[in-house]
Asker: 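Below is a structure I'd like to ask you about.
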Amino acid sequence: MPRTHATLPRLYVEPDLGAGAQLTLGKEQSLYLAAVLRKTVGDEVVLFNGRDGAWRSALISDSKKSVQLELREQIAPQTPVSDLWYGFAPLKSERLDYVIQKAVEMGVGTIQPVITQRTQVSRLKHERLVANAIEAAEQCEVLSVPVVEPELTLERLLDGWPSGRVLILADEGAASSSPVATLSALKGRPVGVLIGPEGGFLDAERAKLTALPYAVPISLGPRILRADTAAVAALAVIQAIIGDWR
Ligand code: SAH
């Protein structure tokens with residue numbers, strides 16, 4: 001995919017973006033641009049807000065407290081919001097940051113922490129997850145930042161599971177096989193993928209999940225993957241076979 005302006009810093013901002021618009025950054029982003037990156041008046045930055053595509057902008061003031069930018073041109077159209085739902089049992093600290101960032105890079109649309117019996121953490125700092133999602137989008141030129149939902153227990157998740165959406169279950173207990181045929185049969189349907197915790201699903205949880213009419217268990221091969229490896233592996237095969245890697 002042709003990359004343009006790859007050397008320019010990219011920042012996620014809230015305001016609407018349009019030609020000639022001017023916007024003033026908050027303290028944190030101003031400090032980052034003016035002090036850390038030492039950007040000065042005239043230097044360029046790419047801005048995106050998840051709605052208006054990517055815009056090339058230039059500094060018109062470089063105060064460390066409030067950098068001002070003027071938008072020049074749209075350099076990439078807004079990408080469609082992804083319909084891919086990603087549920088996972090949250091891991092501890094930096095591995096949690098990792099799976100959030102990888103989910104963004106792999107193009108999910110919704111990030112849903114799911115508390116299962118063996119989940120290692122139960123209280124999540126939602127703002128930290130959102131910050132990780134935005135940072136991943138900035139670093140990987142993702143233009144639609146996924147929604148990070150507040151955590152749900154597995155029971156609550158299943159109670160409210162939307163009709164019509166298939167739940168692809170990464171099932172470490174499934175007999176090793178290739179998921180290609182199983183996933184190919186789901187082409188065109190709204191899907192979600194669920195990855196269990198480091199300790200795996202309880203047998204009772206697996207039994208409940210695999211009995212669901214809308215659940216489709218897949219194997220990710222003959223080896224037991226760590227939860228963060230399984231997340232990337234599952235998202236890769238889904239995106240490659242029925243997702244947006246077309
Ligand atoms: N510790 C457990 C495995 C948990 S791995 C054990 O030793 O049995 C964490 C999660 O990654 C699993 O719940 C599952 O969702 C996924 N996973 C890991 N390996 C997998 C595989 N080979 N096939 C399908 N899913 C897998």
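For the numbers below, each heavy atom of this structure counts, side chains included, while hydrogens, waters and symmetry mates do not. Atoms within a ligand are numbered from 1 in the order they appear, just like the ligands themselves.
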Asker: Measure Ile218 to ligand 1 on non-hydrogen atoms and call it side chain, backbone, both or neither using the 4.0 Å cut-off.
Answerer: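 The part of Ile218 near ligand 1 is the backbone, not the side chain.
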Asker: Atom 22 (N) of ligand 1: which protein heavy atom is closest, and how many Å away?
Answerer: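 Scanning the protein heavy atoms, the shortest distance from atom 22 (N) of ligand 1 goes to Arg223 O, 2.8 Å.
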Asker: Using modelled atom types and a 3.5 Å cut-off, is there a donor and acceptor pairing between side-chain atoms of Gln78 and backbone atoms of Phe48?
Answerer: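 No: the side chain of Gln78 does not pair with the backbone of Phe48.
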Asker: Please identify which atoms of ligand 1 are closer than 4.0 Å to at least one heavy atom of Gly199.
Answerer: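 Contacts of ligand 1 toward Gly199, numbered from 1: 1 (N), 2 (C).
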Asker: Looking at side-chain heavy atoms only, is the closest gap between Lys39 and Glu44 below 4.5 Å?
Answerer: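 No, every pair of side-chain atoms sits at 4.5 Å or beyond.
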Asker: Just jot down the ligand 1 atoms closer than 4.0 angstrom to any heavy atom of Ile195, in number order.
Answerer: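 Listed by number with element, the hits are 11 (O), 15 (O).
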Asker: For atom 11 (O) of ligand 1, which of Gly221, Ala175, Ala230 has the closest heavy atom?
Answerer: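 It is Ala230 that holds the nearest heavy atom.
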Asker: What is the closest protein heavy atom to atom 19 (N) of ligand 1, and at what distance does it sit?
Answerer: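 Here the closest protein heavy atom is Leu225 N, 2.9 Å.
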Asker: I'd like to check Arg165 versus Asp83 (side-chain heavy atoms, cut-off strictly below 4.5 Å). Are they in contact?
Answerer: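 The answer is yes, as the side chains (C-beta and beyond) meet within the 4.5 Å cut-off.
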Asker: Within a 6.0 Å radius of atom NZ on Lys187, are there more than 12 heavy atoms belonging to other residues, nucleotides or ligands?
Answerer: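 Counting other residues, nucleotides and ligands, NZ of Lys187 exceeds 12 neighbours.
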Asker: Is any side-chain heavy atom of Leu124 less than 4.5 Å from a side-chain heavy atom of Leu96?
Answerer: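 Yes; the side chains approach each other to less than 4.5 Å.
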Asker: Hey, are the side chains of Val114 and Ile195 touching, using non-hydrogen atoms and a 4.5 Å cut-off?
Answerer: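 With C-beta onward as the side chain, the pair stays apart.
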Asker: Are Val99 and Leu91 side-chain neighbours, meaning at least one heavy-atom pair lies under 4.5 Å?
Answerer: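 Yes. Closest side-chain heavy atoms under 4.5 Å.
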Asker: Can you tell me which portion of Asp171 lies within the under-4.0 Å heavy-atom range of ligand 1? Options are side chain, backbone, both, or neither.
Answerer: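 For Asp171, only backbone atoms sit under 4.0 Å from ligand 1.
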Asker: State if Ala174 counts as touching ligand 1 under the rule of any non-hydrogen atom under 4.0 Å.
Answerer: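 No; Ala174 lies far enough from ligand 1 that no heavy-atom distance drops under 4.0 Å.
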Asker: Classify the side-chain pair Gln101/Glu105 by whether it contains a donor and acceptor separated by less than 3.5 Å.
Answerer: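 There is no such pair between these side chains.
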Asker: Answer yes or no: does an N/O atom from Ile224 fall short of 3.5 Å to an N/O atom of ligand 1?
Answerer: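 The answer is no, given that Ile224 and ligand 1 share no N or O pair closer than 3.5 Å.
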Asker: Around atom OH of Tyr32, are there more than 12 heavy atoms from other residues, nucleotides or ligands closer than 6.0 Å?
Answerer: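 Incorrect, the count does not exceed 12.
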Asker: Please report which non-hydrogen protein atom sits nearest to atom 15 (O) of ligand 1, along with the residue it belongs to and the distance in Å to one decimal place.
Answerer: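 Heavy-atom neighbour on the protein nearest atom 15 (O) of ligand 1: Ala170 O, 2.7 Å.
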Asker: Just to be sure I'm reading this right: ignoring hydrogens, which of Gly173, Ala234, Gly196 gets closest to atom 10 (C) of ligand 1? Compare them by their nearest heavy atoms.
Answerer: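 Closest candidate by heavy-atom distance is Gly196.
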Asker: Is it the side chain, the backbone, both or neither of Arg226 that has a heavy atom closer than 4.0 Å to ligand 1?
Answerer: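 Arg226 to ligand 1: no contact under 4.0 Å from either part.
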Asker: Which is closest to atom 9 (C) of ligand 1 in terms of heavy atoms, Gly87, Gly200, Ser176, Pro197?
Answerer: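 Nearest heavy atom to atom 9 (C) of ligand 1 lies in Pro197.
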Asker: Specify the protein heavy atom at minimum distance from atom 2 (C) of ligand 1: its residue, its atom name, and the distance to 0.1 Å.
Answerer: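 Here the closest protein heavy atom is Glu198 O, 3.6 Å.
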Asker: Could you tell me the residue and atom name of the protein heavy atom closest to atom 23 (N) of ligand 1, and the distance to it rounded to 0.1 Å?
Answerer: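 Protein heavy atom with the smallest distance to atom 23 (N) of ligand 1: Leu220 N, 2.8 Å.
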Asker: Can you name the closest pair of heavy atoms from Val147 and Glu149 and give their distance?
Answerer: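 For Val147 versus Glu149, the nearest heavy atoms are CG1-OE2, 3.6 Å.
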Asker: Taking only heavy atoms of Phe201 into account, list the atoms of ligand 1 that are under 4.0 Å away from them.
Answerer: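 Near Phe201, the atoms of ligand 1 are 13 (O), 15 (O).
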Asker: I'd like to check Leu23 versus Leu71 (side-chain heavy atoms, cut-off strictly below 4.5 Å). Are they in contact?
Answerer: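 Yes - at least one pair of side-chain heavy atoms lies under 4.5 Å apart.
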Asker: Tell me which protein heavy atom sits closest to atom 13 (O) of ligand 1, plus the residue, atom name and distance to 0.1 Å.
Answerer: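 That would be Glu172 OE1, 2.9 Å.
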